[in-house]
Protein chains: 2
Amino acid sequence: MATGRTHRPATRSRGIPEATVARLPLYLRALTALSERSVPTVSSEELAAAAGVNSAKLRKDFSYLGSYGTRGVGYDVEYLVYQISRELGLTQDWPIVMVGIGNLGAALANYGGFASRGFRVAALIDADPAMVGKPVAGMPVQHIDDLEKIIDENGVSIGVIATPAGAAQQVCDRLVTAGVTSILNFAPTVLSVPDGVDVRKVDLSIELQILAFHEQRKAGEEAGAAEAVVPPVVRGATAPAEGRKGPDGDMPAVMPA
Amino acid sequence: MATGRTHRPATRSRGIPEATVARLPLYLRALTALSERSVPTVSSEELAAAAGVNSAKLRKDFSYLGSYGTRGVGYDVEYLVYQISRELGLTQDWPIVMVGIGNLGAALANYGGFASRGFRVAALIDADPAMVGKPVAGMPVQHIDDLEKIIDENGVSIGVIATPAGAAQQVCDRLVTAGVTSILNFAPTVLSVPDGVDVRKVDLSIELQILAFHEQRKAGEEAGAAEAVVPPVVRGATAPAEGRKGPDGDMPAVMPA
DNA sequence: GCATGTGAATAGCTTCACAGCT
DNA sequence: AGCTGTGAAGCTATTCACATGC
């Protein structure tokens with residue numbers, strides 16, 4: 001999800017809807033697995049199952065890329081792998097920098113998952129002088145003072161931020177000034193960036209909170225199931241007080257002025 | 001994003017749209033920051049800016065929760081913190097288990113971000129006997145043989161999977177059988193779960209690929225900008241070959257049969 | 001015959017713009 | 001006067017269902 005003032009609202013990316021773009025990597029992963037097993041062709045039904053979507057959606061998605069299937073047969077696996085890779089821009093090499101080599105940053109650096117797919121970690125960067133020079137994932141950590149130089153020399157346009165929340169905006173600003181135009185943010189903060197810069201965020205805590213919401217609903221369903229006509233009895237003692245109109249549950253202590 | 005056969009398609013969660021639920025944690029974070037600075041009230045405009053959304057969306061979102069604001073004034077910060085927390089189910093304690101204590105798992109365990117917000121790591125679990133007993137983030141790692149016992153004794157309903165891709169489905173199945181109904185998946189695989197179980201996934205590699213797509217488009221724009229009437233000259237030599245109808249770019253080597 | 005590709009229908013989300021309340 | 005709360009409009013995404021072409 002892009003954040004802040006980001007993500008061109010106007011024209012859709014070369015006609016490919018954002019929702020489709022977000023699924024292309026899923027298809028690509030499923031196709032790569034098939035390719036490794038030397039499966040020559042696959043139907044929309046099979047591939048959709050492997051990618052965890054339904055087949056109509058998959059066919060619609062592919063239709064934005066072009067007519068890459070064969071009616072009555074399905075899709076050629078190798079061909080699709082190539083087309084989707086090209087569409088995603090993975091046929092070229094993307095040097096990236098990671099800023100913030102703490103627990104998470106180090107774990108990400110060690111995670112090989114992206115190194116395989118067109119991405120190459122050009123540098124690991126941290127502000128802590130004690131970290132500088134230490135090898136992480138086989139590379140020496142570099143000091144943030146050299147950020148601009150590193151970005152420039154390596155032609156980096158994608159940055160990963162894994163700093164504490166407090167440092168993220170500042171790091172972001174420096175990345176953007178130095179020429180980075182895509183940022184993956186692991187810090188739990190909203191980043192503000194100028195137009196033309198894309199930000200995506202990954203936040204563990206937010207994901208858990210969303211799960212908790214659904215989990216809570218499941219628990220509540222057990223009781224108030226079946227005939228949902230009679231509203232469940234109010235938990236507290238008194239009747240719904242005047243004023244606030246929330247469905248139920250008031251503040252434990254004091255009410256707002 | 002929920003995956004596989006998941007996420008009740010029918011009735012919306014107590015009337016709250018999924019897109020709204022996904023933003024509540026953002027609002028909550030912004031509100032918590034205001035609360036810590038003892039700001040008493042906030043307008044939709046201010047709060048929206050802090051959360052990185054626009055104010056109309058925020059007001060619409062809040063309208064699904066109830067009428068918690070005061071016209072002409074704004075929202076009471078403390079009150080909203082409480083209401084959103086309650087809506088998200090964060091006024092109760094959620095014990096979670098983390099399975100797979102490798103680089104990433106350990107980093108997540110050390111990341112305090114969720115411990116604060118109603119979530120409590122009940123156990124760290126790994127399949128590697130060499131890991132068992134080792135302290136990570138102040139807790140001894142436990143063996144996966146005890147998974148069911150741990151889940152049962154702690155009343156765990158939320159699990160985090162940070163294993164290698166190959167082990168994820170198997171771990172997922174065991175979690176579900178043991179009673180877990182919400183899963184946060186960091187392994188790069190599609191998990192299949194029965195109805196009623198929610199899965200959300202976090203995948204670094206996918207996020208980077210989405211960024212690469214947009215990045216590529218930006219690079220292409222520099223050339224074909226301004227008057228987009230005349231189509232840009234075809235990159236290769238020959239005219240668009242018959243047969244495949246993709247917008248441009250064919251396979252480097254062999255074509256499919 | 002069979003699976004793709006796609007218009008048309010539906011559902012869901014966002015934005016607008018203003019009525020309603022403080 | 002100012003800001004919320006919300007119908008209505010517009011837009012994006014998903015699903016349906018079938019014509020199309022191998």
Side-chain angles (χ1 to χ4, degrees), chain A residues 1-2 5-13 15-24 27 40-49 51-77 79-80 83 242-247 256-257, chain B residues 1-2 5-13 15-24 27 40-49 51-77 79-80 83 242-247 256-257:
Chain A
M1 187 182 307
R5 35 204 162 86
T6 308
H7 247 297
R8 48 215 66 224
T11 44
R12 228 165 33 187
S13 322
I16 302 182
E18 190 57 32
T20 294
V21 172
R23 281 188 294 267
L24 292 181
Y27 302 143
T41 62
V42 67
S43 70
S44 63
E45 203 73 50
E46 294 164 327
L47 183 54
V53 303
N54 76 47
S55 63
K57 198 186 283 184
L58 178 142
R59 287 200 301 279
K60 188 60 126 186
D61 284 342
F62 285 1
S63 79
Y64 293 114
L65 308 184
S67 296
Y68 291 156
T70 309
R71 288 164 205 244
V73 178
Y75 300 93
D76 181 276
V77 171
Y79 186 65
L80 250 193
Q83 289 299 347
E242 248 294 290
R244 294 296 177 181
K245 297 178 293 281
Chain B
M1 188 184 306
R5 31 201 165 90
T6 308
H7 249 296
R8 48 215 67 227
T11 44
R12 229 167 29 187
S13 321
I16 302 182
E18 190 58 33
T20 295
V21 171
R23 281 187 295 266
L24 292 181
Y27 301 143
T41 61
V42 67
S43 71
S44 63
E45 203 73 49
E46 294 164 329
L47 184 53
V53 303
N54 76 46
S55 63
K57 199 186 281 183
L58 177 141
R59 286 200 302 278
K60 188 61 125 182
D61 283 342
F62 284 0
S63 79
Y64 294 114
L65 309 183
S67 297
Y68 291 155
T70 306
R71 288 164 205 245
V73 179
Y75 300 93
D76 180 276
V77 172
Y79 186 66
L80 249 193
Q83 291 299 347
E242 247 295 289
R244 295 293 178 182
K245 298 179 291 282

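Just so it is clear: chains get the letters A, B, ... in the order the sequence lines come, proteins before strands, and each one is counted from 1. Worth knowing before you read on, the calculation uses all heavy atoms, side chains too, and leaves out hydrogens, waters and symmetry mates.
- Nearest to the side chain of B:Ser44, among D:dT4, C:dT4, D:dG7, sits D:dT4.
- Contacts of A:Thr20 classified as side chain to side chain donor-acceptor pair (under 3.5 Å), with partners at least two apart in sequence or in another chain: A:Asp61.
- Taken to the nearest 0.5 Å, the CG atom of A:Leu58 stands 6.0 Å off from the OH atom of A:Tyr75.
- Side-chain atoms of B:Arg71 stay outside donor-acceptor range of the base of C:dT22, with no qualifying N/O pair under 3.5 Å.
- Using a 4.0 Å cut-off, some side-chain N or O of B:Arg23 falls inside it from OP1 or OP2 of C:dT14.
- A:Phe62 comes within contact range of no nucleotide atom at all, as no heavy-atom separation falls under 4.0 Å.
- Between B:Gly15 and B:Pro17, the closest heavy-atom pair is O-CD, 3.4 Å.
- OP1 or OP2 of C:dG5 sits under 4.0 Å from a side-chain N or O of A:Tyr75.
- Nearest-nucleotide positions on DNA chain D for A:Gly72 and A:Ala56 put A:Ala56 closer to the 5' end.
- Nearest-nucleotide assignment on DNA chain C puts the 5′-proximal partner with A:Val73, out of A:Val73 and A:Asp61.
- For the pair B:Lys60 NZ and D:dG10 C1', the interatomic distance rounds to 13 Å; values are reported in whole Å.
- Relative to the side chain of B:Asn54, the nucleotides C:dC13, D:dT4, C:dT15 differ in distance, and C:dT15 lies closest.
- Residues B:Phe62 and B:Tyr68 place their aromatic rings such that the two centres sit no closer than 6.0 Å.
- In this structure, the NZ atom of A:Lys57 is 19 Å from the P atom of C:dT10, given to the nearest Å.
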